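One structure below.
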Amino acid sequence: MEESHALLRWKTSLQNHNNGSSLSSWTLNNVTKIGPCAWVGIHCNHGGRVNSINLTNIGLKGTLHDFSFSSFPHLAYLDLWSNQLFGNIPPQIGNISKLKYLDLSSNSFFGAIPPQIGHLSYLKTLNLSKNKLSGSIPLEVGRLSSLNNLTLYANCLEGLIPHSLGNLTNLAILYLYNNSLSGSIPSEIGNLKFLYSTALSHNKLSGSIPHSLGNLSNLVILFLDNNLLFGLIPSELRNLKSLYYLELGNNKLSGPIPHFLGNLTNLGVLYIYNNLLSGSIPYEIGNLKFLSELNLGFNKLSNSIPVSLSNLTNLIFLSFYQNSLSGAIPKEYQNLVKLTKLLLGNNQFQGPIPNLRNLTSLVRVRLNRNYLTGNISESFYIYPNLTFIDLSHNNFYGEISSDWGRCPKLDSLDFSTNNITGNIPSEIGYSSQLEVLDLSSNHIVGEIPTELGKLSFFIKLILAQNQLSGQLSPKLGLLVQLEHLDLSSNRLSNSIPESLGNLVKLHYLNLSNNQFSREIPIKLEELIHLSELDLSYNFLGREIPSQICIMQSLEKLNLSHNSLSGVIPRCFEEMHGLQRIDISYNELRGPIPNSTAFRDAPIKALQGNKGLCGDFKGLPSCKVLKSNKQASRKIWIVVLFPLLGIVALLISLIGLFFKFQRRKNKSQTQQSSPRNTRGLLSVLTFEGKIVYEEIIRATNDFDDEHCIGKGGQGSVYKAKLASGEIVAVKKFHSPLSGEMTFKQEFLNEVKALTEIRHRNIVKFNGFCSHAQHSFIVYEYLEMGSLAMILSNDAAAKDLEWTQRMNVIKGIADALSYMHNDCFPPIVHRDISSKNVLLDFENEAHVSDFGIAKFLKPDSSNLTELAGTYGYVAPELAYTMKVTEKCDVYSFGVLTLEVIKGKHLGDFIFSISSSSLNLNIALDEMLDPRLSTPSRNVQEKLISFVEVAISCLDESPESRPTMQKVSQLLKI
């Protein structure tokens with residue numbers, strides 16, 4: 001009866017003892033001659049004493065505080081798995097002296113494991129997993145000499161793994177994973193000769209893997225992943241002949257992958273990903289005939305993949321992701337017919353991809369960020385189980401096959417940044433499960449097929465930086481699950497369809513750099529979750545609709561470089577979440593809204609609008625502007641007629657000049673006389689004002705006092721106009737006496753600057769050619785040239801690593817724009833640190849287009865050797881042919897200069913030689929004036945250096961395009 005009363009007292013303490021019928025049989029009325037042995041979950045021995053309590057997964061809620069452990073001297077089995085029990089584990093649990101099996105797992109017990117648990121000398125299984133236990137593992141656990149299963153995973157245990165666990169010589173299972181245990185793995189674990197499975201993963205264990213683990217000859221499963229272990233993989237692990245599952249990933253292990261792993265022929269799963277392993281993949285890995293999963297990703301492995309791995313015909317998962325592997329992917333890999341996951345991305349594989357048509361079991365494929373080639377329509381086939389494929393950032397060519405519409409389970413397809421041509425096949429609209437489609441940065445033409453509107457599961461659609469044209473189909477408004485839409489940098493035209501307002505889950509919309517016209521659709525107001533909207537570089541007109549303020553989630557808005565007019569809606573003052581705005585280069589007027597986004601906006605985000613005013617830096621006061629307008633009305637009549645007279649005079653002068661020029665050509669005379677060259681050839685206008693005389697006044701007739709730089713073509717002056725605005729004036733060297741023609745450099749620069757507009761190219765304001773002066777006026781950039789900054793120790797220290805990388809990205813973007821988005825393409829030919837200017841925010845602006853070349857498709861594009869010594873591509877010395885790859889070479893030189901802080905001189909030639917290993921020590925390439933970069937920044941700098949070195953290839957054909965360079969630098 002004592003056991004019955006003890007159980008009933010405990011039942012009464014439970015919070016839900018009256019709910020349900022799980023313990024309804026536990027009543028005194030139900031006590032028979034044999035006591036509680038007939039109750040649910042209670043079992044007795046032949047003497048009628050309780051020896052087993054099994055109450056698993058029946059919803060018990062309460063504590064063990066009222067459980068009288070001493071009332072059950074014969075109890076051998078206690079299993080309370082998967083209930084809602086909480087509180088401390090009472091120390092009285094140590095009174096059940098005959099207990100052999102204890103399972104309190106999957107509850108909510110907290111506090112420390114009581115050391116009294118060490119009194120349970122008969123215990124064989126101890127399972128306290130999936131609770132909230134804290135503190136350390138008590139040393140007393142080492143007294144449980146009969147224990148063969150110790151399971152403490154998924155708690156909050158901390159401190160060291162006690163050495164006393166080495167006394168548990170009968171232990172077969174040791175699971176301590178998913179805790180916060182620290183310190184080293186005790187070598188005494190090597191004493192556990194019968195250990196079959198051990199998992200110490202997901203802790204904070206450090207130090208090296210103990211050599212003593214090689215004594216565990218019966219070990220089948222070894223999990224040490226997700227810790228802080230370092231050092232080499234010990235050679236003693238060669239003795240683990242029974243090992244099937246070896247998981248060492250997410251540590252800091254270094255050195256080579258040991259060859260002896262190829263002798264562990266029972267291995268079925270080998271995971272050593274995300275460490276610091278280096279060297280080659282051992283050929284012996286190909287001996288592991290039973291291997292089904294191999295993950296060596298995220299290491300520093302190099303050289304080629306051994307062909308022997310094609311022997312692993314049972315392989316279903318293979319990952320070498322993000323290493324430095326190179327060479328070709330062996331064609332024998334087409335024999336891995338069981339493969340479901342193939343992850344070889346972020347390496348340096350090159351050459352054609354092997355034919356993977358036989359790998360019909362594939363589910364996930366990542367070959368991205370390599371140098372693979374081949375016709376994309378011939379190397380792949382229909383994969384009935386494929387869900388994910390990423391071939392981005394390679395050199396695949398050809399057209400996209402319509403067969404991709406026949407992969408019924410495909411949910412993500414990424415072919416971005418390749419050389420793919422042709423149209424987007426309409427059959428892709430049959431991939432009904434497709435959620436992500438990224439075809440950006442290719443050469444795809446034609447219209448966006450309306451069939452894409454059928455893909456009701458679409459989440460992300462990226463078609464940016466192609467040559468897509470035509471009108472955007474209203475059917476895209478059917479993609480109601482879409483969250484990310486990027487169609488920027490194409491040739492899409494006509495109006496933006498109002499149906500885009502149906503995409504209510506959209507948080508990113510980029511339609512910039514297209515040819516959209518008409519007004520901004522009011523229906524975009526329904527995109528209430530949108531955080532970023534970019535409509536810049538289009539031909540949008542009319543006013544900014546006030547409904548745009550309804551999008552309260554908007555954080556970034558770019559409407560620059562359009563033809564928007566009218567006043568800026570005042571409701572912007574209510575958009576408290578808006579952080580960045582750019583309305584530059586429109587026809588907006590009136591006051592700037594008083595909001596954080598406008599107050600914090602740099603002046604370049606507001607400039608290019610003639611009528612804006614407000615109490616902002618660089619803008620006129622609205623009061624002053626109003627008084628000026630009133631005054632201008634009064635003097636309009638006074639000014640109008642003289643102005644018309646001046647215009648007539650100018651027309652006469654220009655007419656006289658051309659008449660004189662015709663006479664000069666007819667007589668074929670070569671005489672040049674100062675008295676024949678007076679007058680204006682053209683007049684500079686800046687924001688509608690004739691400012692030739694103002695430039696002369698502001699520079700004191702180009703006095704050296706105002707000179708801020710000199711070059712081969714001329715000198716640059718700083719000029720402060722009457723309005724208070726500061727501009728830079730590049731004055732070309734004076735022509736020879738009597739010479740009336742423009743110098744070719746002057747013509748080139750004017751033509752280039754009037755053809756292009758880009759945030760990383762210096763802004764052109766106007767030009768003037770006078771008998772005495774030929775000059776160009778452009779924006780004044782406060783920080784000066786990159787060459788000047790790098791040559792000054794104090795200024796160079798202020799240009800820290802992240803800013804330097806942003807400078808490099810900006811130059812790359814500018815060159816990519818000139819090469820790919822201008823027609824005909826423009827080659828700068830003089831990319832150097834002296835021709836890159838920085839603004840106050842250290843953003844790069846490419847300048848000096850005096851020797852720029854417009855590439856004509858029907859021309860040889862031959863030219864004389866020109867440019868700055870040390871930056872000129874070597875092939876120009878013997879071919880004299882200008883291509884975009886000349887700028888790519890100069891960019892590579894400049895990138896290394898920015899990272900090193902100075903030009904690398906003759907070292908450039910050794911870097912560009914094909915025999916040089918790309919794994920250059922980073923510290924040799926860094927500017928010693930800056931502090932050592934963090935590990936994350938170091939990894940980015942390494943990628944920048946590698947991209948720069950690829951730009952320096954002796955063969956122009958082997959250099960990447962600036963479009964690809966720009967993409968690689970944004971990783």
Side-chain angles (χ1 to χ4, degrees), residues 708-712 716 760 781-812 814-815 828-839 841-848 866-874 876 886-913 916-934 937-954 959 962 965 969:
I708 56 175
K710 294 186 178 182
V716 180
N760 295 112
L781 297 167
E782 303 89 343
M783 303 303 291
S785 73
L786 185 57
M788 182 182 69
I789 292 172
L790 294 178
S791 64
N792 183 292
D793 288 347
K797 289 178 182 178
D798 289 338
L799 194 64
E800 43 86 17
W801 293 121
T802 301
Q803 292 173 333
R804 293 194 186 199
M805 289 189 287
N806 287 336
V807 166
I808 294 168
K809 290 179 186 177
I811 301 168
L815 291 175
H828 188 280
R829 295 179 67 207
D830 198 10
I831 292 296
S832 64
S833 56
K834 66 181 175 63
N835 289 335
V836 174
L837 306 177
L838 301 189
D839 61 22
E841 295 180 348
N842 287 317
E843 186 162 6
H845 300 261
V846 176
S847 69
D848 208 335
T868 302
Y869 178 77
Y871 298 86
V872 180
L876 276 175
C886 299
D887 279 352
V888 175
Y889 182 91
S890 302
F891 172 81
V893 176
L894 180 56
T895 298
L896 297 181
E897 179 181 356
V898 173
I899 294 173
K900 181 64 176 174
K902 64 178 182 179
H903 192 283
L904 296 186
D906 292 340
F907 186 50
I908 292 291
F909 298 108
S910 60
I911 289 178
S912 61
S913 66
L916 184 73
N917 191 329
L918 291 184
N919 295 318
I920 298 174
L922 181 63
D923 54 1
E924 296 179 10
M925 306 297 294
L926 297 182
D927 189 339
R929 295 173 292 186
L930 269 60
S931 59
T932 303
S934 65
V937 173
Q938 282 188 32
E939 291 175 355
K940 291 182 180 178
L941 286 170
I942 289 172
S943 67
F944 273 54
V945 170
E946 290 177 347
V947 170
I949 291 174
S950 69
C951 294
L952 298 176
D953 198 294
E954 289 183 342
R959 297 171 200 155
M962 284 310 305
V965 167
L969 296 181

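All values derive from a computational prediction rather than experimental measurement.
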Q: Output, in order, the C-alpha distance, side-chain angles, deciding distance and verdict of side chain to side chain contact (heavy atoms under 4.5 Å, CB included) for N835 and H828.
A: CA-CA 10 Å; N835 289 335; H828 188 280; 4.3 Å; yes
Q | Pair F891-I808, side chain to side chain contact (heavy atoms under 4.5 Å, CB included): steps then yes or no | A | CA-CA 9 Å; F891 172 81; I808 294 168; 3.6 Å; yes
Q: Apply side chain to side chain contact (heavy atoms under 4.5 Å, CB included) to L799 and N842, showing your working.
A: CA-CA 8 Å; L799 194 64; N842 287 317; 3.8 Å; yes
Q: Could you check W801 against D927 for side chain to side chain contact (heavy atoms under 4.5 Å, CB included), going step by step and ending with a plain yes or no?
A: CA-CA 9 Å; W801 293 121; D927 189 339; 4.0 Å; yes
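Put simply, the side chain of I899 reaches to within 4.5 Å of the side chain of L926, judged on heavy atoms. Looking only at side-chain heavy atoms (C-beta outward), Q803 and V807 stay at 4.5 Å or farther from each other.
The two residues C951 and V965 make their nearest non-hydrogen contact at SG-CG2, 3.8 Å. Minimum heavy-atom separation, Y889 to A873: CD2-CA, 3.5 Å. Residue A814 comes nearest to V846 through the heavy atom pair CB-CG2, 3.9 Å, listed as atom of the first residue, atom of the second, then distance. Minimum heavy-atom separation, R804 to L930: NH2-CD1, 3.3 Å. Smallest separation of non-hydrogen atoms from M788 and S791: O-OG, 2.8 Å. The two residues M925 and L896 have their closest heavy-atom pair at CE-CD2, 3.7 Å.
Annotation: the span from L838 atom CG to I789 atom CD1 amounts to 4.0 Å, rounded to 0.5 Å. L894 contributes atom CG, which lies 11.0 Å from atom CG of L904 (distance to the nearest 0.5 angstrom). A distance of 7.5 Å separates CG in L969 from CE in M962, rounded to the nearest 0.5 Å. The CZ atom of R829 sits 12.0 Å away from the CD1 atom of I831 when rounded to the nearest 0.5 Å. In this structure, K809 NZ and N760 CG are separated by 12.0 Å, a value rounded to the nearest 0.5 Å. Distance check, rounded to the nearest 0.5 Å: NZ of K834 to CG of D848 gives 6.0 Å.
Using modelled atom types, no side-chain atom of N806 and backbone atom of E843 make a donor-acceptor pair closer than 3.5 Å. The closest donor-acceptor contact from the side chain of R929 to the backbone of A796 lies at 3.5 Å or more, if one exists at all. Judged by distance alone, with hydrogens and angles left aside, the side-chain atoms of R959 form a donor-acceptor pair with the main-chain N or O of D953 at under 3.5 Å. With S890 contributing its side chain and Y871 its backbone, the two residues share a donor-acceptor pair below 3.5 Å. Without hydrogens or angle criteria, D839 side chain to A844 main chain gives no donor-acceptor distance under 3.5 Å.
Of the residues H903, E897, K902, the one that meets the side-chain contact (heavy atoms from CB on, under 4.5 Å) test with K900 is K902.
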